[in-house]
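Any value given below was found using the heavy atoms of this structure, including those in side chains, with hydrogens, waters and symmetry copies removed.
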Amino acid sequence: MCGIVGIVAKNHVNQALFDALTVLQHRGQDAAGMVTCEGSRFHLRKDNGLASEVFRTRHMRDLRGNMGIAHVRYPTAGSASSAEAQPFYVNSPYGIALAHNGSLTNSAELAEDVFRTDLRHINTNSDSEVLLNVFAHELQRLGKLTPCAEDIFTAVEQVHRRCRGGYAAVGMITGYGIVAFRDPMGIRPVVYGKRDTPQGPEYMVASESVALDSCGFKRVRDLQPGEAIYISQEGVVHTRQCSEHSDLSPCLFEFVYLARPDSIIDGISVYKARLRQGELLAEKILRVHPEHDIDVVIPIPDTSRTAAMEMAGRLGVKFREGFIKNRYIGRTFIMPGQELREKTVRQKLNPIELEFKGKNVLLVDDSIVRGTTSRKIVEMARDMGANKVYFASAAPAVRFPNVYGIDMPSVSELIAHGRTDDEVGELIGADWIVYQDLQDLIESTQWGSSPVKHFDCSVFNGEYVTGDIDQAYLDNLDATRNDAAQSGGGSTDSTEANSLHHKM
């Protein structure tokens with residue numbers, strides 16, 4: 001999971017792109033990059049670090065131009081090199097830069113095909129560079145000196161025919177415009193918006209609507225699965241469905257953990273979805289523990305707070321902030337190495353003793369992945385004098401790996417894999433544990449007149465919506481994702497495995 005943004009404006013876009021990256025920073029904290037276009041010249045800056053660390057005043061001065069794209073990368077094991085930072089660039093045809101969120105599940109095959117058939121060189125292990133070269137090759141095959149919108153859409157059609165997996169991409173063609181497209185299942189999100197200026201309309205595409213809001217763009221709509229949008233440098237918008245078969249199946253985990261609560265994805269308010277998650281989870285607790293003795297509901301900040309507030313109200317108990325979060329520590333779920341994750345949990349959260357001492361505490365988190373954070377937090381609650389510690393997860397048990405752009409650990413490191421709920425509760429040290437039911441999570445997200453009829457729920461049920469994932473693929477993925485394989489911090493021999501680690 002990463003964050004992408006592209007802007008076509010009437011004035012310099014560097015500041016707006018930077019502002020958008022800062023509100024998409026939750027989608028990637030490992031690296032940031034920006035490319036702007038000034039006439040027929042690209043200006044590029046990318047490096048490891050947060051957006052505020054990568055872009056200094058001297059860099060912003062050089063990032064001139066009225067259109068540009070930018071990217072924040074998710075921190076993943078084995079991807080320390082700034083060579084993996086995006087956007088990527090190829091000079092033929094025209095000069096194209098591209099940034100990508102997601103994972104190509106046939107990356108290894110594509111990389112081989114790009115080299116042997118398309119006669120293009122891939123310089124990194126990133127599937128984003130593969131995607132860029134596939135698009136560039138398909139556009140070059142048309143042989144046009146000056147590409148039009150139909151040419152660009154034809155190239156995207158071929159991308160959809162050749163690429164599999166979950167992907168959302170934004171690209172820029174030197175001197176012509178910006179293109180964005182979404183995979184035929186709509187697994188990863190893309191939205192676009194417009195703002196009116198005295199000089200004329202300006203447009204933005206981004207991973208989440210919150211980026212539009214922060215920059216003064218009015219949300220127009222999400223891209224449909226398989227759809228592409230092309231915005232010329234003059235500000236003319238073209239859209240077209242570029243996939244022969246499309247079926248909207250967005251990633252359900254976006255609504256649990258990945259997205260900001262103030263975003264709207266495929267017409268669904270993430271905030272309202274999380275409120276309903278809390279409501280339905282509270283109802284489950286009342287069913288399975290009707291005589292509960294919970295004194296206080298405490299969220300594990302930040303993504304569980306919305307659900308926890310609603311739970312407290314439904315359960316008729318107090319809601320309290322029991323942990324103070326250090327906001328300068330990254331998201332521990334995706335940090336490489338067990339030792340680092342365990343150390344970081346204690347640095348990230350500091351408990352308030354008076355909210356725990358002598359009380360029966362219900363801790364609420366958005367999900368449980370490895371269980372590292374959960375176990376440490378339960379320990380902290382007991383150290384603060386909690387009488388009993390219960391644990392509730394707003395998501396079902398995560399028992400299967402993600403292959404569409406979320407760098408979840410090896411399946412053997414998922415605490416719920418092959419274990420019952422009670423066994424997980426015992427491992428993390430809770431007196432009892434309650435998971436959200438999958439059907440309740442789906443219902444909470446679909447509430448009302450949602451256009452989404454089904455989701456990618458693969459991390460919960462092992463059903464991969466693209467239909468191309470078999471056990472051999474998962475076994476190879478498992479071998480490259482586990483902490484033992486990554487302990488050296490380096491890459492592996494498998495191009496596809498690396499592309500999944502460097503997924504954006």
Exercise for the section: Determine yes or no for a side-chain-to-main-chain donor-acceptor pair under 3.5 angstrom, with Arg399 supplying the side chain and Arg419 the backbone. Expected result: yes

Handout entry: Gln446 side chain to Lys453 backbone, donor-acceptor under 3.5 Å
Key = yes

Exercise for the section: Report yes if the side chains of Glu138 and Arg162 come closer than 4.5 Å at any heavy-atom pair, otherwise no. Expected result: yes

Problem - Test item: His71 side-chain N/O and Pro87 main-chain N/O as donor-acceptor pair under 3.5 Å - result: no

Fill in the blank from the handout: Separation between CG (Asp421) and CD1 (Ile433), nearest 0.5 Å, reads 6.5 Å

Exercise for the section: Output yes when a side-chain donor or acceptor of Asp478 lies under 3.5 Å from a complementary backbone atom of Val411, and no otherwise. Expected result: yes

Practice task
Using a strict cut-off of less than 4.0 Å between a Lys/Arg side-chain nitrogen and an Asp/Glu carboxylate oxygen, indicate whether Asp365 and Arg375 qualify as a salt bridge.
Solution key: no

Practice task
Check Arg73, Glu84, Gln29 against Asn48 for a side-chain hydrogen bond (donor to acceptor under 3.5 Å, both in side chains) and give me the one that passes.
Solution key: Arg73

Practice task
Could you check Asp302 against Arg260 for salt bridge (charged side-chain N to carboxylate O under 4.0 Å, His left out), going step by step and ending with a plain yes or no?
Solution key: CA-CA 10 Å; Asp302 284 316; Arg260 275 184 40 157; over 6 Å; no

Practice task
May I ask you to decide if Gly278's main-chain N or O and Glu310's side chain share a donor-acceptor pair within less than 3.5 Å?
Solution key: no

Handout entry: Short side-chain to backbone donor-acceptor contact, Ser209 and Ile264, under 3.5 Å
Key = yes

Exercise for the section: Could you tell me whether Asp437 and Lys284 make a salt bridge, using a distance below 4.0 angstrom between a side-chain N and a carboxylate O? Expected result: yes

Problem - Lys/Arg N to Asp/Glu carboxylate O, Arg27 vs Glu208, below 4.0 Å - result: yes

Problem - Expected output: side-chain Thr124 to main-chain Ser126 donor-acceptor under 3.5 Å - result: yes

Problem - Non-hydrogen side-chain atoms of Ile96 and Leu132 separated by less than 4.5 Å - result: yes

Problem - Side chains of Ser246 and Met185 in contact at under 4.5 Å (non-hydrogen atoms) - result: no

Handout entry: Asp183 and Tyr404, any side-chain heavy atoms less than 4.5 Å apart
Key = no

Exercise for the section: State whether the number of non-hydrogen atoms from other residues, nucleotides or ligands found under 6.0 Å of Arg141 atom CZ is greater than 12. Expected result: no

Exercise for the section: Kindly check if the number of other-residue, nucleotide or ligand heavy atoms within 6.0 Å of CZ (Arg116) is above 12? Expected result: no

Problem - salt_bridge(Arg274, Glu279) N-O dist < 4.0 Å - result: no

Completion exercise
side chain to side chain donor-acceptor pair (under 3.5 Å) filter on Gln25, not counting sequence neighbours, yields none

Problem - Arg305 (side chain) donor-acceptor with Ile298 (main chain) under 3.5 angstrom - result: no

Practice task
Answer yes or no: is there a side-chain heavy-atom contact under 4.5 Å between His100 and Ile4?
Solution key: no

Exercise for the section: State whether Glu283 and Arg314 are salt-bridged, where the test is any N-O pair (Lys NZ or Arg NE/NH1/NH2 against Asp/Glu carboxylate O) under 4.0 Å. Expected result: yes

Handout entry: Closest non-hydrogen atom pair between Ala20 and Val5, with its separation
Key = CB-CG2, 3.8 Å

Exercise for the section: Grab the two heavy atoms, one from Pro184 and one from His160, that are nearest each other, plus how far apart they are. Expected result: CD-ND1, 3.8 Å

Exercise for the section: Kindly determine whether Glu109 and Arg164 satisfy salt bridge (charged side-chain N to carboxylate O under 4.0 Å, His left out), including the steps that lead there. Expected result: CA-CA 11 Å; Glu109 305 155 42; Arg164 298 197 303 268; 3.6 Å; yes

Problem - Any pair counted as ring pair (Phe, Tyr, Trp, His ring centres under 6.0 Å), so long as it reaches residues 261-288, sequence neighbours left out - result: none

Exercise for the section: State whether a side-chain donor-acceptor pair under 3.5 Å links Ser92 with Gln140. Expected result: yes

Problem - No-hydrogen, no-angle side-chain donor-acceptor test under 3.5 Å, Asp127 and Ser107 - result: no

Practice task
Determine, for Phe255 and Lys272, whether the Lys NZ or Arg CZ falls below 6.0 Å from the six-membered ring centre while staying within 45 degrees of the axis.
Solution key: no

Problem - NZ/NE/NH1/NH2 to OD/OE distance under 4.0 Å, Arg276 and Glu443 - result: no

Exercise for the section: Look only at the side chain of Asp266 and the backbone of Ile268, and say whether a donor-acceptor pair between them is shorter than 3.5 Å. Expected result: no

Exercise for the section: Check whether any side-chain heavy atom of Phe135 lies under 4.5 Å from a side-chain heavy atom of Val179, and answer yes or no. Expected result: yes

Exercise for the section: Looking only at non-hydrogen atoms, find the nearest pair between Val54 and Ala32 and report the distance. Expected result: CG1-O, 3.7 Å

Exercise for the section: For the residue pair Glu254 and Arg188, establish whether any side-chain heavy-atom pair is separated by less than 4.5 Å. Expected result: yes

Fill in the blank from the handout: Value for CG (Leu281) from CG (Leu441), rounded to nearest 0.5 Å, stands at 10.0 Å

Problem - Nearest heavy atoms of Phe460 and Phe400, plus distance in Å - result: O-CE1, 3.5 Å

Exercise for the section: Write down the atom of Ile368, the atom of Ser374, and the distance for their closest heavy-atom approach. Expected result: CG2-OG, 3.6 Å

Handout entry: Heavy-atom check, side chain of Val134 versus side chain of Cys163, under 4.5 Å
Key = yes

Practice task
Without swapping roles, check the side chain of Gln86 against the backbone of Gly33 for a donor-acceptor pair under 3.5 Å.
Solution key: no

Practice task
Look at Asp222 together with Arg219 and state whether they make a salt bridge at an N to O cut-off of under 4.0 Å.
Solution key: yes

